[in-house]
**Student:** 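Right, I'll just put the structure down here and ask away after.
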Amino acid sequence: MMKQHLLPILTNVQVSERYWHMTIDTSNMNERIEPGQFFHIRCSDNAFPFLRRPFSIYRINREEDTIEFLYLVKGEGTKDLTKKKPGETADLLGPLGYGFKLDPGFDEILLTARGVGIATLAALAQEAGRKGVRCTAILSARSKNDLLAAETLQDFGAEVHHVTEEEETSGVESVESQMRDIIERKDVNALYTCGSRRLSRLNQRLAAEYGLPGEIALEEQMGCAMGACFACVCDLEEEGKHRSVRVCLEGPVFPLEKVVIS
Amino acid sequence: MMKQHLLPILTNVQVSERYWHMTIDTSNMNERIEPGQFFHIRCSDNAFPFLRRPFSIYRINREEDTIEFLYLVKGEGTKDLTKKKPGETADLLGPLGYGFKLDPGFDEILLTARGVGIATLAALAQEAGRKGVRCTAILSARSKNDLLAAETLQDFGAEVHHVTEEEETSGVESVESQMRDIIERKDVNALYTCGSRRLSRLNQRLAAEYGLPGEIALEEQMGCAMGACFACVCDLEEEGKHRSVRVCLEGPVFPLEKVVIS
Amino acid sequence: MIAQRKMGISIGSLTLPNPVMPASGAFGPEMHEALDFNQIGAIVPKSITKHPQPGNDTPRVCETYAGMINSIGIQSKGLDAYLAKTIPEFSAYDVPLISSISAESIDEFVEMSDVLGNHPDIDALELNISCPNLKGDGHAFGMDADVTYELMQRVRKVTDIPLIAKLTPNVTSIQEIAKAADAGGADALTVANTMLAMAIDTESRKPMVGNVMGGLSGPAVKPIMVRMIYQTAQVTDLPIIGCGGVMNGNDAIEMIIAGASAVQVGTASFITPTALTDVIEEIREYMDRHDIMDINDLTGTVEI
Amino acid sequence: MIAQRKMGISIGSLTLPNPVMPASGAFGPEMHEALDFNQIGAIVPKSITKHPQPGNDTPRVCETYAGMINSIGIQSKGLDAYLAKTIPEFSAYDVPLISSISAESIDEFVEMSDVLGNHPDIDALELNISCPNLKGDGHAFGMDADVTYELMQRVRKVTDIPLIAKLTPNVTSIQEIAKAADAGGADALTVANTMLAMAIDTESRKPMVGNVMGGLSGPAVKPIMVRMIYQTAQVTDLPIIGCGGVMNGNDAIEMIIAGASAVQVGTASFITPTALTDVIEEIREYMDRHDIMDINDLTGTVEI
Ligand SMILES: Cc1cc2nc3c(=O)[nH]c(=O)nc-3n(C[C@H](O)[C@H](O)[C@H](O)COP(=O)(O)OP(=O)(O)OC[C@H]3O[C@@H](n4cnc5c(N)ncnc54)[C@H](O)[C@@H]3O)c2cc1C
Ligand SMILES: Cc1cc2nc3c(=O)[nH]c(=O)nc-3n(C[C@H](O)[C@H](O)[C@H](O)COP(=O)(O)OP(=O)(O)OC[C@H]3O[C@@H](n4cnc5c(N)ncnc54)[C@H](O)[C@@H]3O)c2cc1C
Ligand SMILES: Cc1cc2nc3c(=O)[nH]c(=O)nc-3n(C[C@H](O)[C@H](O)[C@H](O)COP(=O)(O)O)c2cc1C
Ligand SMILES: Cc1cc2nc3c(=O)[nH]c(=O)nc-3n(C[C@H](O)[C@H](O)[C@H](O)COP(=O)(O)O)c2cc1C
Ligand code: FES
Ligand code: FES
């Protein structure tokens with residue numbers, strides 16, 4: 001639902017060298033929020049930065065009526081977001097887009113996430129935990145420090161594997177053999193991925209090879225996040241033809257096999 | 001001295017409906033500061049507002065090594081200035097320009113100030129008090145509330161008269177008769193004014209009539225405040241000829257009789 | 001507020017309920033979730049092309065100081081899909097529908113205007129003779145007065161509904177182009193489209209938008225647009241629709257005082273989805289505060 | 001930092017120690033209190049006119065989103081005072097002196113260039129063929145390619161020192177003007193002067209600057225200038241001096257990657273008096289970080 005919400009910030013803290021974590025009070029928001037959806041957030045009240053920034057929902061706490069975001073401090077926008085203090089108001093547009101589909105028939109899923117993609121898949125791991133779906137996650141990042149932020153996935157009951165540049169374990173071949181091992185050993189029902197082109201291609205290849213369904217959450221530079229501006233397009237391949245879709249409106253989650261990764 | 005200083009803010013508080021007061025720790029600044037000089041202040045770190053804003057020095061506390069500003073909240077710049085908190089840093093360029101000249105021969109001076117011009121003349125009243133020069137001030141403002149901020153003039157030993165629109169006492173005729181009364185009764189040696197074209201013209205007229213010296217502090221829209229951009233010009237009349245001067249560099253204080261008030 | 005302020009404005013034979021409409025390309029049917037379309041002055045969909053076309057490479061937007069560059073290009077499903085889907089979708093609302101047309105030749109402008117300019121649900125045409133994203137190093141029809149004149153004149157012959165020429169600001173003399181559009185038969189002028197611009201990521205040395213250059217919009221360009229509105233108002237009596245950097249009612253009022261009869265709001269909607277209706281409300285407040293009975297009385301009242 | 005990075009750049013026969021110089025009109029002798037003039041690439045004083053002239057009415061500056069409008073006009077003491085006072089004052093510093101000239105006719109440009117272009121203390125001339133504040137609704141020499149060509153050619157005949165044409169961005173095709181200046185004998189091009197702009201106070205309905213319109217500078221215009229630098233670099237091999245919105249080293253690097261050999265810094269100095277030397281320092285850091293031995297190697301390296 002494209003609605004602008006002004007909601008209280010409960011916490012906003014640094015959780016590792018480059019990552020911050022923010023909790024928002026959603027008790028005044030009625031919309032139902034699904035893992036994989038996102039909010040378009042106004043990071044500051046200044047003239048610059050100017051556009052909103054898209055952030056996936058990291059964690060949904062239905063009981064406490066809160067949601068959480070995990071964000072990487074990248075440029076001006078996210079730098080300004082760190083300045084927001086508890087008690088202040090966050091300006092959120094959303095929840096936007098379509099989230100992940102967790103088929104009731106799935107028992108065992110495998111997530112492969114890279115960088116900020118980890119934040120996006122965390123909410124899915126949480127949902128899986130809640131529904132009793134077993135979940136294994138391969139998390140890829142520059143450094144171990146970057147992965148600190150993602151320890152919560154274990155709290156959700158996921159089995160977590162780390163690969164990093166730092167340890168030279170994040171090469172595609174290394175991830176491929178881990179994925180194959182998990183898919184075969186655990187009899188995985190579906191693949192989910194976010195955050196890296198290389199890993200997305202790998203997921204597409206393995207999904208095809210093993211005949212597995214899967215989903216991918218895409219990141220594209222956004223203007224409006226309301227389907228109006230056509231900034232965030234990507235192509236889907238359907239019946240041999242390419243069809244342009246807007247990530248903000250028709251995504252950000254798409255069937256793994258359909259997305260044309262440029 | 002055109003120097004950029006980053007100095008600690010000690011206090012920044014609202015003192016009346018529209019006025020704020022800020023104290024700055026100048027112990028790390030060596031320049032000597034004179035009444036009538038000003039600083040060009042960066043009101044916020046945002047892209048907008050963009051230019052610095054000029055503010056006169058309201059009070060100079062040589063013993064405590066602090067200076068004070070009294071400012072009217074007018075537009076974006078001053079609104080942002082109110083957001084600065086004690087402990088944060090103020091970005092000041094200055095002290096700039098030439099201040100008032102208080103001739104050692106003066107015993108008795110008369111100040112006429114309007115609006116934010118009161119802030120500019122306050123430092124002169126303080127200096128007069130310090131030097132044992134008797135000082136009378138006619139302060140003109142929209143409302144009595146606006147004059148609250150100026151009570152300090154009394155602390156400096158000045159005799160203060162108030163005129164306001166609210167009380168319908170601020171007309172030029174009414175101020176003129178007050179000025180004449182004070183000039184004649186107290187045998188005033190010099191006139192000082194700031195903040196209003198009408199009052200400036202009145203001061204010029206009375207100075208000429210009574211043969212009194214005087215000074216005027218001008219306000220002009222500024223760009224650089226370093227004499228480079230020629231934004232802040234006004235005309236002086238000297239020996240029958242007009243000469244363009246830069247308020248930031250050659251002023252803001254000028255001989256009363258020379259300024260061409262447009 | 002007791003007084004009934006008049007906010008309606010005219011564009012040729014068409015009357016808009018108020019002077020605030022979306023800028024083409026920064027508005028879509030999905031925004032109805034966030035905005036009451038029945039409150040705005042007119043609906044202006046994204047520019048349509050005759051044939052379907054894919055638009056430019058991503059990234060398609062990037063941010064600059066107080067502005068943004070877009071190089072969307074005209075991603076369009078073509079005229080047939082527009083007639084079948086877009087027009088019915090928008091004509092459900094109670095406000096005039098202004099179709100924005102983009103074309104590759106004068107003939108194509110004429111052909112499309114013939115179809116759309118005689119469609120019962122379309123109330124006016126905005127001819128986007130200015131889109132700087134097209135091939136040809138940013139060149140556009142609206143950069144040449146003779147071409148503008150010919151284009152307007154030929155389109156004028158095929159339709160009777162109001163024609164709005166959306167001018168490009170990337171010209172030496174907006175006055176020359178405005179006069180040419182006027183002489184050619186325009187009923188109104190939109191002043192103006194985006195400024196051709198470029199930004200480079202200094203780390204990768206790559207342009208920030210896929211198409212190398214794009215159109216700059218947002219508050220950064222407003223002073224240029226206000227100047228062009230003022231200049232245009234000096235040389236023509238046509239109603240002017242101000243466009244470029246309107247973020248709030250005050251910006252709209254500034255353009256109206258400079259000479260505009262109406263304004264378009266683009267980028268602002270990306271930040272506040274209700275920007276269009278917010279601007280209308282703020283204009284109304286200004287009229288109350290200054291006791292202006294008719295918004296048309298404010299047009300061109302700048303005191304020189 | 002061990003490596004000795006090369007920051008010198010050439011403008012015709014003139015070598016500047018580094019690529020950062022002030023923009024004319026945003027720099028004055030008094031700033032020596034805040035800035036070490038001996039560290040900058042060149043000194044560029046305010047444009048000078050033949051006869052003394054008063055400049056425009058106040059207010060002369062106003063602020064806009066991420067920019068400012070100035071309508072200083074060319075307040076000038078005339079050529080005689082310039083020769084007697086300004087040149088000696090600036091030639092005391094150890095860096096090249098580039099005189100900016102503004103004139104009302106081609107003849108006057110020639111006459112002044114003859115005097116200044118043969119003065120022993122002046123190293124290059126910047127011809128301000130673009131000042132949009134002059135009378136004539138913002139019209140300038142640099143809006144016409146033929147006029148630009150003739151002007152450059154005639155000035156070229158009276159002096160051998162490097163000639164820099166400062167172009168106006170208020171044109172349909174900066175490429176045409178750049179080519180004309182090149183053909184006429186320019187040694188370098190400054191791209192570009194300010195965008196003609198206007199702002200109105202909605203309360204008083206008065207223009208915010210006394211001269212009604214003025215020139216927009218600052219970060220708001222940078223994306224337009226980067227685009228023009230890129231376009232200019234496609235059509236000429238002359239060194240380009242980027243100008244408009246440089247606030248920091250990164251902005252300078254962006255212009256250099258787009259095609260500039262040097263940059264000018266104007267408005268930024270009003271906010272940070274040491275902006276010029278800060279930019280030099282930040283360029284040096286960038287060169288260290290990216291291991292660029294010679295700043296000239298970076299010019300025009302945008303990856304398309
Ligand atoms: C659907 C979606 C969900 C996302 N979820 C998260 C999340 O949960 N946590 C998180 O840390 N990040 C997430 N991102 C990425 C996040 O939006 C960017 O990191 C952020 O916009 C950077 O802004 P900045 O101003 O700090 O960086 P800058 O680099 O200064 O941004 C400049 C511009 O680039 C855009 N931009 C930069 N990086 C990206 C990117 N990766 N994707 C899209 N636009 C980008 C910005 O929006 C802005 O317009 C998500 C992106 C999308 C599209
Ligand atoms: C030498 C000098 C000393 C001053 N001393 C004081 C003081 O002690 N206390 C105080 O409250 N004010 C003082 N002023 C006025 C003060 O600078 C303005 O009120 C302030 O700049 C308004 O900024 P703003 O962004 O809040 O207002 P806005 O109206 O949004 O400002 C817009 C622009 O107008 C300029 N501007 C607005 N008003 C003035 C003005 N009166 N004079 C010059 N430029 C103006 C601003 O600098 C800015 O560029 C002084 C001005 C000068 C020139
Ligand atoms: C994402 C985007 C897409 C645009 N697409 C079009 C278009 O298809 N046709 C058109 O005439 N203008 C288009 N424009 C230009 C806008 O209509 C408008 O002229 C410009 O954005 C300036 O207004 P603003 O500052 O309010 O955004 C587009 C602008 C943006 C930001
Ligand atoms: C106050 C002011 C005065 C200016 N005067 C001149 C001038 O006399 N001659 C000239 O060629 N450009 C003049 N300019 C334009 C600058 O040289 C420069 O082109 C412009 O400001 C853009 O650069 P910036 O964004 O770095 O300020 C002036 C600019 C400003 C702000
Ligand atoms: S961001 Fe505008 S359509 Fe997706
Ligand atoms: S403000 Fe620039 S010369 Fe005075």
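Reckoned from all heavy atoms, side chains included, excluding hydrogens, waters and symmetry mates. Chain A is the first sequence line, chain B the second, and so forth, proteins listed ahead of strands; every chain is numbered from 1.
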**Student:** Quick one about Ser71(D) and Asn56(D) (side-chain donor to acceptor, distance below 3.5 Å, no hydrogens or angles considered), yes or no?
**Tutor:**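 Result is no, nothing qualifies.
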
**Student:** Just to verify, what does Ser173(D) make a side-chain contact (heavy atoms from CB on, under 4.5 Å) with, not counting sequence neighbours?
**Tutor:**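 Ser173(D): side-chain contact (heavy atoms from CB on, under 4.5 Å) contacts with Gln175(D), Glu176(D).
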
**Student:** State whether the side chain of Asn193(D) and the backbone N or O of Cys243(D) hold a donor-acceptor pair below 3.5 Å, judged by distance alone.
**Tutor:**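 Not at all, since once roles are kept as given, no pair shorter than 3.5 Å links the two residues.
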
**Student:** Ignoring hydrogens and angles, tell me if any N or O in the side chain of Thr148(D) forms a donor-acceptor pair with the backbone of Ile177(D) under 3.5 Å.
**Tutor:**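 No.
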
**Student:** Identify the two heavy atoms, one from Gly142(C) and one from Val171(C), that lie closest to each other, and give their separation to 0.1 Å.
**Tutor:**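 Heavy atoms only, the tightest pair is O-CG1, 3.7 Å.
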
**Student:** With a 4.5 angstrom heavy-atom cut-off, is it the side chain or the backbone of Ile69(D) that approaches chain C, or both, or neither?
**Tutor:**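 For Ile69(D), the side chain is the part near chain C, not the backbone.
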
**Student:** In terms of heavy-atom proximity below 4.5 Å to chain C, should Glu203(D) be classed as side chain, backbone, both, or neither?
**Tutor:**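 The answer is both parts of Glu203(D).
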
**Student:** To the nearest 0.5 angstrom, please state how far the CD atom of Gln231(D) sits from the CE atom of Met213(C).
**Tutor:**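 So the gap between those two atoms works out to 5.0 Å.
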
**Student:** If you count heavy-atom pairs under 4.5 Å with chain C, which of Lys222(D), Met228(D), Arg289(D) comes out on top?
**Tutor:**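 Of the options given, most contacts go to Arg289(D).
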
**Student:** Which pair of non-hydrogen atoms, one from Ala145(C) and one from Ala180(C), has the smallest distance, and what is that distance?
**Tutor:**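 For Ala145(C) and Ala180(C), the tightest heavy-atom pair comes out as O-CB, 3.2 Å.
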
**Student:** Shortest non-hydrogen contact from Leu151(C) to Ile129(C)?
**Tutor:**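 Taking Leu151(C) first and Ile129(C) second, the nearest heavy atoms are CD1-CG2, 3.8 Å.
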
**Student:** Counting a contact as any heavy-atom pair under 4.5 Å apart, which residues of residues 294-304 of chain D contact chain C?
**Tutor:**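 At a heavy-atom separation under 4.5 Å, chain C is reached by Leu298(D), Thr301(D), Val302(D), Glu303(D), Ile304(D).
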
**Student:** Is it the backbone or the side chain of Leu216(C) that comes under 4.5 Å from a heavy atom of chain D, or both, or neither?
**Tutor:**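 Interface part for Leu216(C): side chain.
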
